[in-house]
Amino acid sequence: MKAVTIDTLAPHIGQRVTIRGWIHNRRAAKGLVFLVVRDGTGLVQCVVNQKDAEPDTWLTAESLTQESAVAIAGEVVADARQVGGVEMQVTRLELIHKAVDYPITPKAHGVEFLMERRHLWLRSRHQWAIMRIRNRIIMSIHHFFQEQGFLQMDAPILTENAVEGTSTLFGIDYFGQPAYLTQSGQLHGEVMAMAFNKIYTFGPTFRAEKSKTRRHLTEFWMIEPEMAFYDLDMNMELAEDLLCRIAQDALKDSSVELEVLGRKVSALQSVRKPFVRISYTDAVDLLNSDKTADLLSTHESTLRTEQIELEKERAHNSSVYGQAKKWKKRRLDARAIEINARLDEITEVLRNIPVWRSSARSFEWGGDFGGSDETLLSWHFDRPVIVHRYPAAVKAFYMKRDPEDDRLALGMDVLAPEGFGEIIGGGQRADDLAFLEAQIEKHQLPREAFEWYLDLRRYGSVPHSGFGLGLERTVSWICGLDHVRETIPFPRMLGRLSP
RNA sequence: UCCUCGGUAGCUCAAUGGUAGAGCAUGCGGCUGUUAACCGCAGGGUUGUAGGUUCGAGUCCUACCCGGGGAGCCA
């Protein structure tokens, strides 16, 4: 009998097939056992009917536990009630391995509990959807660049020089010589662009920042295109095209996964060219403006209304809890968890709003935007916004100056909508030898370590640009997740190195 | 490093300073179409740790440990 995967069951309606997988959930009625089986490609309900099944199969079905491994033979039948439209009528069931006391039960769990069991958590439905979308995004990125003649090339992970100070780098011992894990492949990317014209790197990046927020990992994956003969405008257009492609591919190919996650797709449908492009100087004006203050006030009153309604609901639920039936209690418990989590979130935001308001109102030209400023900017628009031409003082030494205003660097950041924050940072690179030499001296960087980089400006220097896209933040945005820790199979962050 | 919230059964959470409870999970029983199935019964606790206040502390105070998310920094 043919062994198939769950995602290919539909064409086999009316046929007998075998599937192999793990028990995701089990329900029983008299003479019937309903098994929800998972094989990594999808879920399917398998029905064991005592009067049809062999005696061994029935006994096995009755005693199956969550995550036990099984091989199941039966007929594929159409059933409109099921997700995917099919279920299996089981004729034979073989137990491959019996799992005992699987810790992640079909109910709500806390973050710490799940993170300690990340190796098992990955089996659950939400994680299935997220990892498949991550894969979809990775493939979109490769297709996008490959179709346009970019060469995928790899920057080294072990590096000798600290590009922007050693405080955010993980240091290691390289046979007695200090070395670091890379925090960006950009400088090597520039080398490769001068050799191959248009390239992109796709690799891991490490930051020893002691950040404990929903946007930070210490190890994350970054995509860094670097293009010879590209100026800032061409660079921004490339970033726009890339993000549009990612959003559209996700809508086209990951609708099931997005639905599992409850992602509002309208937010992704509005990701279309042209994005909003705003200069840093205009962005500062916008932050200072009444428009931003009004936005905050509106948001604040909306939250206060929601807070009052939730508190009312909580009081009402707790007053009826005593008389409630068991199933109703269970529902009330689940709702209470939701209400409390949302109330915590609202309390946190309401506490922050006065700080956000004053920091936006009094933001002075010359500083770099904080997380709250970026969030506020992105709330003004329904699609990604590109902020360009930052003060040179807050940007990296290798950025080209704006020929029209020497105080500005030709840098750009792309902020994802809905407050997901910065997902792209990049710009046009300095291509003048003397300027770069002066910058290296000004930033007190070790000149010797940059000689190879300076060679690019000695031998056929041309205008060139590039940017870095953070994969996990992008996945987080597309999936509508409130934290990046679920966007990578094994997150590495402050206080988390296992499993 | 700072700010802030939290730690109660295997899990998720309740509990005016006054006898520690519920749901899920587990075990047993019931139900022939369940969708986190449902219904009944049972077992399950050094309330993070160490002190203190009190007739009495899960609850109040102090210190420490662990975790959440925010600031700084950043993708």
Side-chain angles (χ1 to χ4, degrees), chain A residues 24-36 43 45 47-52 65-66 79 81-83 87 100-117 124-125 164-165 167-168 183-184 205 207-218 220-224 318 321-322 324-341 343-345 347-349 351-352 355-356 359 368-372 374 394 413-416 420-426 467-477 482-485 494-496:
Chain A
H24 183 74
N25 195 9
R26 193 179 75 94
R27 292 178 287 270
K30 185 176 172 66
L32 282 174
V33 172
F34 300 94
L35 303 169
V36 178
L43 294 173
Q45 173 164 283
V47 185
V48 187
N49 194 324
Q50 186 172 16
K51 68 176 199 266
D52 299 337
T65 53
Q66 196 187 350
D79 189 318
R81 291 167 292 189
Q82 308 307 326
V83 181
E87 69 175 19
V100 179
D101 293 337
Y102 184 72
I104 302 178
T105 55
K107 70 182 292 285
H109 293 281
V111 172
E112 188 187 0
F113 181 83
L114 291 169
M115 287 296 285
E116 289 288 339
R117 292 158 186 80
S124 63
R125 198 146 168 264
E164 291 158 62
S167 61
T168 62
Q183 63 176 346
S184 162
T205 309
R207 304 271 168 95
E209 292 156 3
K210 292 195 172 166
S211 300
K212 271 179 78 168
T213 81
R214 60 185 72 198
R215 303 185 309 281
H216 286 87
L217 296 167
T218 53
F220 63 97
W221 287 70
M222 192 149 69
I223 295 90
E224 295 181 277
S318 95
Y321 191 84
K325 294 283 268 184
K326 206 172 183 180
W327 66 270
K328 180 76 176 171
K329 275 186 179 167
R330 191 173 153 180
R331 187 170 295 174
L332 288 173
D333 283 344
R335 181 63 187 148
I337 293 169
E338 276 173 32
I339 291 176
N340 288 340
L343 280 174
D344 280 357
E345 211 177 312
T347 307
E348 178 76 23
V349 175
R351 187 168 53 230
N352 282 325
V355 183
W356 291 12
S359 123
D368 208 350
F369 296 133
S372 67
E374 287 180 352
V394 301
D413 287 346
V414 182
L415 310 179
F420 281 97
E422 185 181 344
I423 52 174
I424 282 180
F467 60 82
L469 170 72
L471 179 62
E472 286 73 20
R473 285 189 183 177
T474 304
V475 176
S476 179
W477 163 53
D482 66 358
H483 202 297
V484 291
R485 70 182 147 227
L494 200 59
R496 174 65 54 194

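In this text, all values refer to a predicted model and were calculated from it rather than measured experimentally. Below, chain A is the first sequence line, B the second, and so on; all start at residue 1.
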Student: If you only use heavy atoms from C-beta on, which nucleotide in B/rC73, B/rG68, B/rU34 is closest to the side chain of A/F34?
Tutor: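 Output: B/rU34.
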Student: Need one value for A/N49: base, sugar-phosphate or nothing, where a base atom within 4.0 Å counts as base even if backbone is also close, heavy atoms only.
Tutor: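 Counting heavy atoms under 4.0 Å across all strands, the contact made by A/N49 includes a base.
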Student: Determine whether any donor atom in the side chain of A/H109 lies under 3.5 Å from an acceptor atom in the base of B/rC11, or the reverse, and answer yes or no.
Tutor: no
Student: Check every atom of B/rG72, B/rG68, B/rG67 against the side chain of A/T213 and return the nucleotide holding the closest atom.
Tutor: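 Nearest to the side-chain atoms of A/T213, counting from C-beta on, is B/rG72.
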Student: Remember a base hit wins even if backbone is also touched, and classify A/R485 as base, sugar-phosphate or nothing at under 4.0 Å, heavy atoms.
Tutor: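 Result for A/R485 = sugar-phosphate.
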Student: Classify the side chain of A/E87 and the base of B/rU35 as holding, or not holding, a donor-acceptor pair under 3.5 Å.
Tutor: no
Student: Where do N or O atoms of nucleotides 4-7 of chain B meet protein N or O atoms at under 3.5 Å, pair by pair?
Tutor:
from, atom 1, to, atom 2, distance (Å)
B/rU4, O2', A/R351, NH1, 3.3
B/rU4, O2', A/R351, NH2, 2.9

Student: Generate the contact string for nucleotides 20-28 of chain B. Rules: B means base contact, S means sugar-phosphate contact only, - means no protein heavy atom under 4.0 Å.
Tutor: --SBBS---
Student: Nearest to the side chain of A/F113, which nucleotide is it out of B/rU12, B/rC73, B/rG33?
Tutor: B/rU12
Student: Considering every strand and a 4.0 Å limit on heavy-atom distances, what is the contact class for A/R27: base, sugar-phosphate, or nothing?
Tutor: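 Base contact.
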Student: Pick base, sugar-phosphate or nothing for A/L32, based on heavy-atom distances below 4.0 Å to the nucleic acid.
Tutor: base
Student: Name all residues meeting the salt bridge (charged side-chain N to carboxylate O under 4.0 Å, His left out) criterion together with A/R117; count only those two or more places apart in sequence or in a different chain, and write none if there are none.
Tutor: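 Salt bridge (charged side-chain N to carboxylate O under 4.0 Å, His left out) list for A/R117, sorted by chain: empty.
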Student: Which is true for A/H483 with a 4.0 Å heavy-atom rule: it touches a base, it touches only sugar-phosphate, or it touches nothing?
Tutor: sugar-phosphate
Student: List the residues meeting side-chain contact (heavy atoms from CB on, under 4.5 Å) with A/R496, not counting sequence neighbours, and say none if there are none.
Tutor: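 If we apply the side-chain contact (heavy atoms from CB on, under 4.5 Å) test to A/R496, skipping adjacent residues, the hits are A/M115, A/E116, A/M493.
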Student: So what does A/L217 hit on the nucleic acid, given a heavy-atom distance under 4.0 Å: a base, only sugar-phosphate, or nothing?
Tutor: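 Base, at least one base heavy atom under 4.0 Å.
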Student: Counting any heavy atom closer than 4.0 Å, what does A/D482 reach on the DNA or RNA strands: base, sugar-phosphate only, or nothing?
Tutor: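 The residue A/D482 makes no contact with any strand.
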Student: Mind checking side chain to side chain donor-acceptor pair (under 3.5 Å) for A/T347 and listing every partner two or more places apart, or none if nothing turns up?
Tutor: none
Student: For RNA chain B, what are the stems built from at least three Watson-Crick or G-U pairs in a row, each pair having both distances below 3.5 Å?
Tutor: B:1-7 with B:65-71, B:10-13 with B:21-24, B:26-30 with B:38-42, B:48-52 with B:60-64
